[in-house]
Amino acid sequence: MGKYIEMIRIRFLMMLAYRTNYYSGILIYSINIGAYYFLWNAIYGDKGSIEGMSALQMTSYIAIAWMARAFYFNNIDREIAQEIKEGKVAVELIRPYNYLLMKTMQGLGEGIFRLSFFSFPGMVIVALIFPIAFSADPVTWLLFAVALVFSFLINMQINLLTGILTFFFYNNTGLIRAKRVIIDLFSGLLLPISFFPGWAQQIMNFLPFQGISYVPSMIFTESFSGSEVIHAVLLQIVWVFILVLPIQTLWLIARKQLVVQGG
Amino acid sequence: MEKIIEVKELRKEFKSHSSRSGLKGAFRDLLTRNYKVIPAVNDISFSVKRGEMVGYIGENGAGKSTSIKMLTGILTPTSGAVRVNGMDPHKEREQFVRSIGVVFGQRSQLWWDIAVQESFRLLKKVYNVPDEVYHDHMSHVIDSLDIGPLLDKPVRKLSLGQRMRCELAAALLHNPPLLFLDEPTIGLDVLVKLKIREFLKEMNARYNTTILLTTHDLSDIEALCERVVMLDEGKIIYDGGLSSLRSNWGEGKQIEFQFADTAVTKETLQPLLAEMEAAWTPGGRPNVWIANVLNEEQVISEVIGRVVAAHKITDLKVHEISIEDIIRNIYEEGVKNG
Ligand SMILES: Nc1ncnc2c1ncn2[C@@H]1O[C@H](COP(=O)(O)OP(=O)(O)OP(=O)(O)O)[C@@H](O)[C@H]1O
Ligand SMILES: [Mg+2]
């Protein structure tokens, strides 16, 4: 286990080595939050609530959705793809660890870095500029934290899956890009799932994406009530288990027919 | 002595796609791809004993790296059996890789963006090396490779030679009994090369570390290995002592005879070298034959004397042969003539 924790630390150091990425990240996230804040205010006008959410809940939703994204989002899929293309997996396979688990830990290291140096201070600043409702209930915070861990896991698993697919479709940059758009859209980052038309909601209920952004944000803004929260978190857990299956299968197949590029 | 590496009938095939020509061909490629199966490693068998340092050589594309990738469990063999350190490298991967160290000269195993010592620290955790063992062993490795001053630099800022020394230290961090080196001296200057050779020799003497080394620099082999395994187009064409390679192929001297009679054959010449450490190889033309002999005045004079007494010659040259020439001859002609 020590090695996996050490990997989190190493990734932390790597993030520090590339601080400029981090500053530009802050800028992009602030712009997004600001833009959506004004957009939603215009949409709400003087309506009290839409789809059961007040304007205040909506702006809090947007702010927390983006701050949560800083934690769960990473480019591990692109990294895996690159390591496969350059034949670097060869080096990973001569190490006594589980490659996918190591990649997950790197994602976690990156997430923790951004959570502590980006999301927390960012949230303080955003709260000063825009009105945001923070729950006073510690249970809400706890449930939010739990939901956030699972949202990280689901997103990570989808990243691993897209990354591994590089073994089969040698060039999958298109796939990776499509995946990003799909996640941003269907996870509820840009628009809460409850705002989608009924049939779309039906479909999305059968997909893992809402576990990534919609669930933790709804919990944070207390837009879910009692049993809804439990149901949502359980759904996240179920998806984490379901996704293990295709990942392990593809990984085993890939390992067997692996062709390492280059001498 | 105990066998560290045992390889039987090992084979690896790669499918290589070939594109059809023209637009019509491109459309047909969309439906069915034409491919050829190329055996990169073609049913090779050999074994290595504990403590041996073996040179694994061959031309570009001979299949050296492919074999090493199978021996280290990275690639699955198409067929054949591999046992290394008593394990199946592919099946028992996590357990197995703890017992080997690997350096690929062409790709880095250290983490590019962080200081060398951070990579070492991570590897120490990965291999569960206890503190005392680590300090004991690594302070020695760091001293011998002279990398102390490099430890706090990020890998991307190191020169090739500096990085390679760190790679070697990283591969030996868990003090594995078996070390695979795939072109570890590629692109290095003479001094760094010497340092690395000295270091490998020392590791071998101190811990009885078994080393399998590929390189295109034959002086590496001469400095380190008593035994060479030579590969050509995926097949082993020579497996034996470096010294017997020398004597088989004429230590130091090649005597080239140009005969007046164009009908001379190996058979007619063979008896002339009876009970001597020498062998005939064909020269460039039908009437030119080369006697590969030991570099001893007695043998040289005896061979020249016998040949000249038996046949009329029109020209005679005596060449010095280096190990490089020998190997080149083998690459060009194969061992069959030897
Ligand atoms: N991923 C691959 N796909 C298809 N063919 C491959 C692949 N990797 C290697 N080969 C082929 O296998 C053969 C052996 O390659 P290998 O890398 O083992 O050679 P090598 O002996 O290490 O050569 P070098 O001295 O140039 O490093 C070559 O003909 C190469 O074209
Ligand atoms: Mg090679």
Side-chain angles (χ1 to χ4, degrees), chain A residues 1-22 75 79 82-103 105-106 109-110 113 167-171 248 251-263, chain B residues 12 14-16 40 60-66 68-76 78 89-90 92-115 118-119 121-128 154 156 167 170-171 174 176 180 182-183 186 214:
Chain A
M1 203 53 218
K3 56 193 173 194
Y4 296 106
I5 292 176
E6 186 69 20
M7 194 73 232
I8 299 179
R9 199 185 74 91
I10 294 279
R11 189 53 171 232
F12 215 88
L13 292 175
M14 278 155 84
M15 296 295 291
L16 278 171
Y18 285 104
R19 270 173 299 241
T20 34
N21 280 356
Y22 160 66
N75 283 320
E79 257 171 55
Q82 197 166 346
E83 287 184 0
I84 292 170
K85 280 189 213 165
E86 289 173 2
K88 271 198 188 146
V89 259
V91 171
E92 294 291 326
L93 290 176
I94 55 162
R95 298 281 179 227
Y97 51 58
N98 183 316
Y99 176 64
L100 297 179
L101 204 49
M102 263 313 180
K103 279 285 158 213
M105 289 302 156
Q106 294 186 22
E110 198 173 322
F113 176 88
F167 280 114
F168 304 96
F169 315 108
Y170 180 63
N171 199 336
Q248 281 302 329
W251 178 243
L252 284 181
I253 298 174
R255 281 266 290 119
K256 208 166 256 167
Q257 45 168 270
L258 167 70
V259 173
V260 177
Q261 311 298 330
Chain B
K12 180 74 194 180
F14 287 113
K15 279 181 189 165
S16 97
N60 287 132
K64 304 178 297 294
S65 299
T66 307
I68 289 197
K69 283 175 197 158
M70 285 191 281
L71 289 173
T72 49
I74 296 167
L75 292 180
T76 345
T78 307
H90 202 74
E92 304 159 64
R93 191 186 68 86
E94 273 197 40
Q95 176 68 24
F96 166 72
V97 290
R98 288 182 180 281
S99 68
I100 59 165
V102 188
V103 173
F104 291 111
Q106 324 216 20
R107 54 175 54 112
S108 177
Q109 308 178 44
L110 301 165
W111 284 264
W112 203 240
D113 303 308
I114 54 176
E118 297 294 344
S119 280
R121 199 181 134 158
L122 175 59
L123 289 173
K124 175 176 172 290
K125 282 266 164 58
V126 164
Y127 289 98
N128 282 332
R156 69 189 134 91
E167 300 269 353
H174 54 299
F180 291 97
D182 193 354
E183 305 192 30
I186 191 168
T214 85

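Each chain gets a letter, A, B and so on, in the order its sequence line appears, and its residues count up from 1.
- A salt bridge is defined here as a Lys NZ or Arg NE, NH1 or NH2 lying under 4.0 Å from an Asp or Glu carboxylate O, and B:Arg107 with A:Glu86 fails to meet this definition.
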- Query: Could you go step by step and tell me if B:Glu118 and A:Arg9 meet the side-chain contact (heavy atoms from CB on, under 4.5 Å) rule?
  - Reply: CA-CA 10 Å; B:Glu118 297 294 344; A:Arg9 199 185 74 91; 2.3 Å; yes
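- Note that CD of B:Glu94 and CG of A:Leu93 are 10.5 Å apart. Values are rounded to the nearest 0.5 Å.
- Side-chain atoms of B:Arg93 come within 3.5 Å of backbone atoms of A:Tyr97 as a donor-acceptor pair (strictly under, hydrogens ignored).
- The distance from atom CE of A:Met15 to atom CG of B:Asp113, rounded to the nearest 0.5 Å, is 11.0 Å.
- Rounded to the nearest 0.5 angstrom, A:Ile5 CD1 and B:Lys125 NZ are separated by 8.5 Å.
- With a 4.5 Å cut-off on non-hydrogen atoms, B:Phe14 touches chain A through its side chain but not through its backbone.
- Taking the side chain to side chain contact (heavy atoms under 4.5 Å, CB included) definition, one finds that B:Ser119 meets it with B:Leu110, B:Trp111, B:Ile114, sequence neighbours left out.
- Counting only heavy atoms from C-beta outward, the side chains of A:Arg95 and B:Tyr127 approach each other to under 4.5 Å.
- Options B:Leu123, B:Asn128, B:Leu122, B:Val102 differ in how many heavy-atom pairs under 4.5 Å they form with chain A, and the most are formed by B:Leu122.
- Between A:Met102 and B:Val126, the closest side-chain pair of non-hydrogen atoms falls below 4.5 Å.
- For the ring pair (Phe, Tyr, Trp, His ring centres under 6.0 Å) test, residues two or more places apart in sequence or in another chain that qualify with A:Phe113 are A:Phe12, A:Tyr22, A:Phe117.
- The parts of A:Arg255 that come within reach of chain B are both its backbone and its side chain, each placing non-hydrogen atoms under 4.5 angstrom from that chain.
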